[in-house]
Amino acid sequence: MSRQDAGNTIDAQVSRRSFIKGCSIAAAALGLSETMVPKLVEAAASPQRPPVIWLHFQECTGCTESLLRGSHPDIGRLILDIISLDYHETVMAAAGHQAEEAMQASIDKNKGKFICVVEGAIPTKDGGIYCQIGGRTAMDILADVGPKAAAIIAIGTCASYGGIQAARPNPTGAVGVRDLITGTPIINIPGCPPNPVSFLGTVLHFLTFKRLPRTDQLGRPLFAYGRKNHDQCERRPHFDEGRFVEQFGDEAHRQGYCLYKVGCKGPQTYANCPVARFNDVGVWPVGVGHGCIGCTEPDFWDTMTPFYERLPGVNIPGGGKGIVTGADSIGKKILGVTAAAVGIHAAVGIGKKVIKGNKSEE
Ligand code: FSX
Ligand code: SF4
Ligand code: F3S
């Protein structure tokens with residue numbers, strides 16, 4: 001064996017190991033047992049890779065960036081290995097008419113079989129003129145492509161619920177995919193940006209079980225959004241014992257105490273951040289000393305602000321004082337906007353209702 005061949009073999013082994021590791025991470029995120037990993041690997045390694053048309057609308061491209069910059073294992077590479085990315089404006093080599101033709105050719109060839117990923121909100125005001133690609137509005141493109149897909153994955157809070165574009169006063173009438181498309185299975189992977197593991201788990205679930213994972217009433221997969229960050233947070237013992245950071249940089253902050261009083265929205269945020277974590281070093285916002293701003297929740301730019309003031313309506317066990325709703329002027333000030341979020345979560349809280357017809361094997 002030449003040195004070159006030996007190198008290639010090692011590369012292939014590393015790549016295979018990384019491939020299996022990625023599938024194991026996805027299986028764990030999906031709540032599947034180790035015994036299911038070979039089934040996921042088999043589905044992921046199938047030569048019939050599902051075609052994916054990835055549409056970009058109103059957004060910052062952070063969803064794609066966080067996905068493709070992920071590594072260890074290289075989740076971005078794994079995703080690119082298991083799907084056939086036929087159209088993606090950020091990473092494709094083609095441009096202009098050539099790119100539009102590639103998209104059309106893939107849609108014609110794979111009608112009813114491809115996955116449509118939507119990144120970004122869709123402006124609806126004034127005929128949707130505020131986002132146009134190749135001379136067509138985002139509304140037109142989605143109305144054309146969406147119904148021809150086997151399933152739509154709305155990646156990011158923008159595509160799921162409108163995101164920052166839909167923040168008051170929502171000048172372009174931005175909405176999420178589910179506001180415009182019916183009749184095609186749609187799943188939301190919110191987060192600004194979302195965790196790549198949640199996206200990978202959803203894709204692998206679809207490939208393995210031929211359907212999308214079970215969701216909550218907001219269209220989010222339960223495997224990733226079934227629990228609040230607060231209930232999985234490593235600072236939770238401090239919350240339970242009443243040990244709070246009062247000010248960024250104080251001794252309590254240095255000690256890693258709970259960030260609720262400096263604005264953490266973890267008690268009202270459904271996500272898997274404390275478990276899935278981000279980037280090579282396995283961090284998440286609260287882990288590095290910043291409160292959760294609730295980025296997986298609909299309208300969080302309106303309902304979770306001010307970001308650095310405490311969330312009202314939260315039981316604080318410490319000190320025997322119980323409920324602190326409206327306990328100070330800050331709480332009263334934000335009670336109105338937060339009430340909407342609290343209302344939403346009352347509907348999807350403990351014993352969340354699962355959308356029918358979207359059952360899965362897990
Ligand atoms: Fe939105 Fe994605 Fe926030 Fe950005 O593109 S969810 S603005 S991080 O990245 O759509
Ligand atoms: Fe963690 Fe925030 Fe909950 Fe405190 S309030 S336990 S920092 S999620
Ligand atoms: Fe977003 Fe909160 Fe996670 S801000 S990234 S849901 S910790």
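When reading the values below, keep in mind they use all heavy atoms of this one structure, side chains included, and skip hydrogens, waters and symmetry mates. We count ligands from 1, going down the list as the structure has it; atoms in each ligand are counted the same way.
Not a single heavy atom of A159 sits under 4.0 Å from any atom of ligand 1. Distances shorter than 4.0 angstrom occur between a heavy atom of T269 and an atom of ligand 3. Proximity of G191 to ligand 3 is not established, as no heavy-atom distance is less than 4.0 Å.
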Side chain to side chain contact (heavy atoms under 4.5 Å, CB included) between F300 and C192, intermediate numbers included: CA-CA 10 Å; F300 78 96; C192 190; 4.1 Å; yes

Take L32 and L40, measure what side chain to side chain contact (heavy atoms under 4.5 Å, CB included) needs, and give me the verdict at the end. CA-CA 10 Å; L32 300 174; L40 257 63; 3.8 Å; yes

If you apply the rule side chain to side chain contact (heavy atoms under 4.5 Å, CB included), what do you find for L259 with H290, and how did you get there? CA-CA 7 Å; L259 298 159; H290 192 284; 5.7 Å; no

Does the side chain to side chain contact (heavy atoms under 4.5 Å, CB included) test come out yes or no for S84 and F114, once each step is laid out? CA-CA 9 Å; S84 167; F114 68 91; over 6 Å; no

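Remark: K109 does not engage D86 in a salt bridge, criterion side-chain N to carboxylate O under 4.0 Å. Under 4.0 Å is where a charged nitrogen must lie from a carboxylate oxygen, and between E251 and R254 at least one such pair does.
For ligand 1, the atoms lying closer than 4.0 Å to a non-hydrogen atom of T157 are 6 (S). For ligand 3, the atoms sitting less than 4.0 Å from at least one non-hydrogen atom of N229 are 2 (Fe), 3 (Fe), 6 (S), 7 (S), numbered in the order shown with element in parentheses. The ligand atoms of ligand 1 that sit less than 4.0 angstrom from a heavy atom of P193 are 8 (S). Of all the atoms in ligand 2, the ones that sit under 4.0 Å from a non-hydrogen atom of V286 are 7 (S). Within ligand 3, the atoms closer than 4.0 Å to a non-hydrogen atom of W284 are 7 (S), numbered from 1 in the order shown. Listed by number with element, the atoms of ligand 2 under 4.0 angstrom from any heavy atom of R236 are 6 (S). Atoms of ligand 1 found under 4.0 Å from any heavy atom of G191, numbered from 1 in the order shown, are 6 (S). Short contacts between ligand 1 and E59, defined as distances under 4.0 Å to a heavy atom of the residue, involve ligand atoms 5 (O), 10 (O). Of all atoms in ligand 2, listed by their number and element, those nearer than 4.0 Å to a heavy atom of G266 are 8 (S). Listed by atom number, the atoms of ligand 1 under 4.0 Å from G62 heavy atoms are 4 (Fe), 5 (O), 9 (O).
Both V91 and I83 sit in one connected hydrophobic cluster of ILVMFWY residues. Membership requires side-chain heavy atoms under 4.5 Å apart, directly or through other members.
In this structure, W284 and C233 have side chains that are in contact, with non-hydrogen atoms separated by less than 4.5 Å. At least one side-chain heavy atom of V41 sits less than 4.5 Å from a side-chain heavy atom of R16.
When hydrogens are left out, the protein atom nearest atom 3 (Fe) of ligand 2 is H230 ND1, 2.2 Å; that is the closest non-hydrogen contact. Scanning all protein heavy atoms for the shortest distance to atom 4 (S) of ligand 3 gives I293 N, 3.2 Å. Of the protein's non-hydrogen atoms, C273 SG, 2.3 Å is the one closest to atom 3 (Fe) of ligand 3. Of all protein heavy atoms, the one lying nearest to atom 4 (Fe) of ligand 2 is C258 SG, 2.4 Å. The protein atom (non-hydrogen) at minimum distance from atom 2 (Fe) of ligand 1 is C63 SG, 2.2 Å. For atom 5 (O) of ligand 1, the closest non-hydrogen atom of the protein is E119 OE2, 2.7 Å. The closest protein non-hydrogen atom to atom 7 (S) of ligand 1 is C158 SG, 3.4 Å. The closest protein non-hydrogen atom to atom 2 (Fe) of ligand 2 is C264 SG, 2.3 Å.
A distance of 11.0 Å separates CZ of F19 from OG of S24, quoted to the nearest 0.5 Å. A distance of 4.0 Å separates NE2 in H56 from OG1 in T64, rounded to the nearest 0.5 Å. The OH atom of Y130 sits 5.5 Å away from the NZ atom of K125 when rounded to the nearest 0.5 Å. In this structure, CG on D240 lies 14.5 Å from CZ on R235, to the nearest 0.5 angstrom.
Atom 2 (Fe) of ligand 1 has no N, O or S atom of C60 closer than 2.8 Å. With a cut-off of 2.8 Å, atom 1 (Fe) of ligand 1 has no N, O or S atom of C192 in range. Among the atoms of C233, an N, O or S atom falls under 2.8 Å of atom 1 (Fe) of ligand 2.
Contacts of C295 with ligand 3, taken as heavy-atom pairs under 4.0 Å, involve both backbone and side chain. Within the 4.0 Å heavy-atom criterion, both parts of C292, backbone and side chain, lie near ligand 3.
Taking the six-membered ring for Trp, F244 and F239 have ring centres closer than 6.0 Å.
E89 and Y87 are linked by a side-chain donor-acceptor pair at a separation below 3.5 angstrom, with hydrogens and angles left out of the test.
Closest heavy-atom approach to atom 7 (S) of ligand 2 among the candidates D240, V262, I316, L259: L259.
A donor-acceptor contact shorter than 3.5 Å links the side chain of K265 to the backbone of F307.
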